[in-house]
Structure formats: C-alpha cells, structure tokens
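What follows is a single structure, written as structure tokens, with notes after it.
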Amino acid sequence: MPELPEVETIRRGLEKKILGKRVNKVEINTDRMVKEPSPKRFKEEVEGKKFTQVIRRGKYLILGLSSGKKIVVHLRMTGQLIYGNKDGKNRVSFLLSNSKYLNLKDSRHLGEIRLVKNWERISSLAKMGMEPLEDSFTLKLFGGMLNKKKAKIKPLLMNQEFLAGVGNIYAQEALFKAGIHPEKQAYRLKRDQMKSLFSEIKKVLNRAIEYKGTSLASYVDADGRKGSFHSRLRVYGRGGEPCVKCKTPLKFIKIAGRGTTFCPKCQK
DNA sequence: CGGGGCTCCTGTGCGC
DNA sequence: TGCGCACAGGAGCCCC
C-alpha cells in the first residue's frame with residue numbers, strides 16, 4: 001500500500017496527534033504481526049510510556065518512546081495507522097492518555113510491528129538505501145549508483161537497498177515523466193536520462209506528499225482520510241488508455257512479477 | 001549479481 | 001447472480 005509519500009503523510013499526521021501522549025493500554029488482537037519481542041512483553045514494555053518522536057525511514061515508521069525504545073511499523077500492502085476512536089477491527093490498538101486510540105489495522109496482516117532499542121539494527125533498515133528527498137542524495141551519487149547496476153531500472157528503483165521508499169506506483173510515474181523505458185538497464189541510461197530521472201523522482205514524491213498520497217484501495221492518513229494524488233497518476237493503473245503526451249495506448253507488462261504500465265512511444 | 005518464483009494473507013473485480 | 005481465478009501499493013527467501 002503505502003510508499004514514501006503515504007508513509008510521510010501518516011508521519012506528519014501522527015506527529016501532531018500523539019507526541020507527548022502516554023500509552024495507557026495496549027491491546028494486541030493479531031499476535032503474528034508483532035515480530036519482536038513477544039506480544040506479552042511488547043504490551044508490558046509499551047504501557048505507561050510516552051511518545052517522544054515520530055520518524056520515517058523509507059516506508060517504515062518509527063515511534064520513539066520515553067523509555068528510549070522505539071516502536072517500528074511497516075504497513076506493507078494494506079496496513080493503516082489511524083488516530084481516533086476505537087473500533088472493532090484493530091490488529092493492535094493503543095489507548096492514549098487523552099482517551100483517544102492509535103489503531104493499527106491491516107486486512108491482509110502482512111504488516112509488521114516491533115519494539116526495539118536500536119531501529120538501525122533491524123536488518124532491512126540497516127541495509128536501506130538513501131532517502132531520495134534528502135539533500136545528501138545528489139545527482140552525482142545517483143549517477144554513480146546507476147552506473148554500477150545492470151538491473152532493469154524499474155525494479156531497481158523499487159529495491160529498498162538501492163533507494164528508500166519508492167514503490168510500484170512512483171517508480172512507474174517517475175519513469176514516465178523522465179521518458180525512460182522501465183526495462184532499460186540502469187547503466188545504459190544516458191547522462192541526460194539520469195539527470196531527468198533524478199529530478200522526476202524528487203518531483204513526483206514531493207508532489208505526492210503535497211496531495212497527501214495516493215489512495216487506490218486502502219490507504220488513508222493518520223486521520224483516516226484519503227489522499228488525492230490518484231488524479232495525478234499518468235501511467236499507474238492506466239493500461240490501454242491513451243498516453244497523456246502522445247495518445248499512444250499505454251502498455252501493461254510484468255517486470256519482475258510486478259505490473260508495469262508505460263508508454264511504448266514516449267519511454268525509450 | 002540479476003531475476004524468477006514462491007510465500008506471507010485477505011479483499012476485490014473481472015470474465016464466464 | 002454465482003463462482004473461480006487473477007491480481008493488488010511490499011518484501012524476504014530460495015534457487016538458478
């Protein structure tokens with residue numbers, strides 16, 4: 001479900017709502033989503049602590065607690081983290097000191113939640129690539145990264161060890177904007193294509209954050225509201241429709257098992 | 001190293 | 001209308 005812009009939108013919402021609030025009670029209804037420690041210890045160690053920070057790294061949310069430990073959440077495909085009232089379908093819910101709830105929902109329960117001392121040591125986070133919206137992510141670095149890779153550009157962009165937070169929607173959108181074929185091998189990109197892709201990645205992610213994310217099926221922000229970037233999508237979910245630039249029907253193919261839509265004329 | 005296939009799950013939408 | 005199948009925004013694993 002959520003990629004960087006959706007997770008960032010949730011982060012911003014949560015920061016306003018839960019910072020400084022204490023967790024009075026934790027209720028765990030789906031044990032398997034709590035990866036560490038045991039559900040029992042998770043509950044014991046979180047109850048009574050205050051939320052002190054809300055960080056995003058890639059598609060992960062990291063909720064700092066007054067004990068120094070962090071709750072680390074990955075929403076995967078259908079996870080939602082919503083601040084509000086109690087309702088029946090929560091995998092995990094936190095009753096806060098103001099009598100509101102922070103509810104983790106997830107119809108497919110592929111999501112993960114854990115309590116750790118050092119989030120940087122979780123292996124997927126330890127290996128995670130650069131944050132595309134940070135100033136430290138430069139064209140020079142990006143070019144160097146691309147030149148080392150023979151992989152197809154689209155799955156490469158989605159590889160979290162290569163770049164943090166880009167998923168199936170925004171990889172396709174950025175490649176369309178940059179006019180690059182999703183199966184092009186990374187090291188074969190021309191200098192100007194690298195430059196264009198670099199700026200389109202930043203642009204599409206920033207724009208999607210402005211629109212509070214893309215809501216296709218289940219994504220909602222921390223207040224349970226849908227994002228509106230859906231209307232701005234140019235290729236994702238538009239297979240067969242005319243390209244907005246040249247009217248050629250958009251093509252839908254599978255690359256590394258993931259659905260991919262692109263314009264066969266505009267993207268080379 | 002790259003990539004294909006499978007897995008974890010449930011919900012939805014499509015074609016017959 | 002009903003049924004079965006393909007597919008879904010993610011990502012780890014095994015295998016070649």
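From a predicted model like this one, the values you see are computed outputs, not experimental measurements. Every chain is numbered from 1, with letters handed out A, B, ... down the list of sequences.
Taking only side-chain atoms of A/Q160, from C-beta outward, the nucleotide of C/dG9, C/dA8, C/dA11 with the closest atom is C/dA11. Across B/dC8, B/dG2, C/dG9, the shortest atom-to-atom separation from the side chain of A/A151 is found for B/dG2. Taking only side-chain atoms of A/K152, from C-beta outward, the nucleotide of B/dG3, C/dG9, C/dG10 with the closest atom is B/dG3. The side chain of A/H74 lies closest to C/dG10, out of C/dG10, C/dG9, B/dT10. The side chain of A/K254 lies closest to C/dA8, out of B/dG2, C/dA8, B/dC8. With B/dT10, C/dG9, B/dG2 as the candidates, the nucleotide lying closest to the side chain of A/H109 is B/dT10.
Comparing B/dT12 with C/dA11, their P atoms sit 23 Å apart, to the nearest whole Å. The same atom, P, is picked in B/dG4 and in C/dC7; the two are 16 Å apart, to the nearest Å. B/dT10 and C/dT1: their C1' atoms are spaced 23 Å apart (whole Å). Distance check on atom P: B/dG11 versus C/dG12 gives 24 Å, rounded to whole Å.
Atom P of nucleotide B/dG4 and atom CD of A/E183 are separated by 9 Å, given to the nearest angstrom. Between A/K59 atom NZ and C/dA11 atom C1' there is a gap of 8 Å when expressed in whole angstrom units. When the C1' atom of C/dA11 is taken as reference, atom CZ of A/R108 falls 12 Å away, rounded to whole Å. Remark: C1' of C/dG10 and CZ of A/F162 are 18 Å apart, rounded to the nearest angstrom. In this structure, A/R258 places its CZ atom 9 Å from C1' of C/dA11, rounding to the nearest Å. Rounded to whole Å, atom C1' of C/dG9 lies 11 Å from atom CG of A/L233. Counting to the nearest Å, the P atom of C/dA8 and the CG atom of A/L216 are 12 Å from each other. Atom pair A/L156:CG and C/dG10:C1' shows a separation of 16 Å (rounding to whole Å applied).
At the heavy-atom level, A/G167 lies under 4.0 Å from the strands shown only through sugar-phosphate atoms.
Centroid-to-centroid, the aromatic rings of A/Y170 and A/Y236 stay 6.0 Å apart or farther.
Within the structure, the salt bridge (charged side-chain N to carboxylate O under 4.0 Å, His left out) test picks out the following pairs touching residues 179-199 of chain A (sequence neighbours left out): A/K152-A/E183. Judged as a salt bridge (charged side-chain N to carboxylate O under 4.0 Å, His left out), not a single pair has a partner in residues 254-268 of chain A (not counting sequence neighbours).
Using modelled atom types and a 3.5 Å distance limit, the side chains of A/R91 and A/T30 yield a donor-acceptor pair.
By the 6.0 Å contact criterion, NZ on A/K50 is open, its count of non-hydrogen atoms from other residues, nucleotides or ligands being 12 or less. Surrounding NZ of A/K154 are more than 12 heavy atoms belonging to other residues, nucleotides or ligands, all under 6.0 Å away. By the 6.0 Å contact criterion, CZ on A/R114 is enclosed, its count of non-hydrogen atoms from other residues, nucleotides or ligands being greater than 12.
Just one residue in the list A/E36, A/E45, A/E44 forms a salt bridge (charged side-chain N to carboxylate O under 4.0 Å, His left out) with A/K69, and that residue is A/E45.
At the phosphate of C/dG9, OP1 or OP2 sits under 4.0 Å from a side-chain N or O atom of A/Y236.
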Dot-bracket for DNA chain B: what is it, with Watson-Crick or G-U pairs under 3.5 Å, [ ] where a pair crosses earlier ones, and | for a pair to another strand?
.|||||||.|||||||

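Between A/F252 and A/S124, the residue anchored nearer the 5' end of DNA chain C, judged by the nucleotide with its closest heavy atom, is A/F252.
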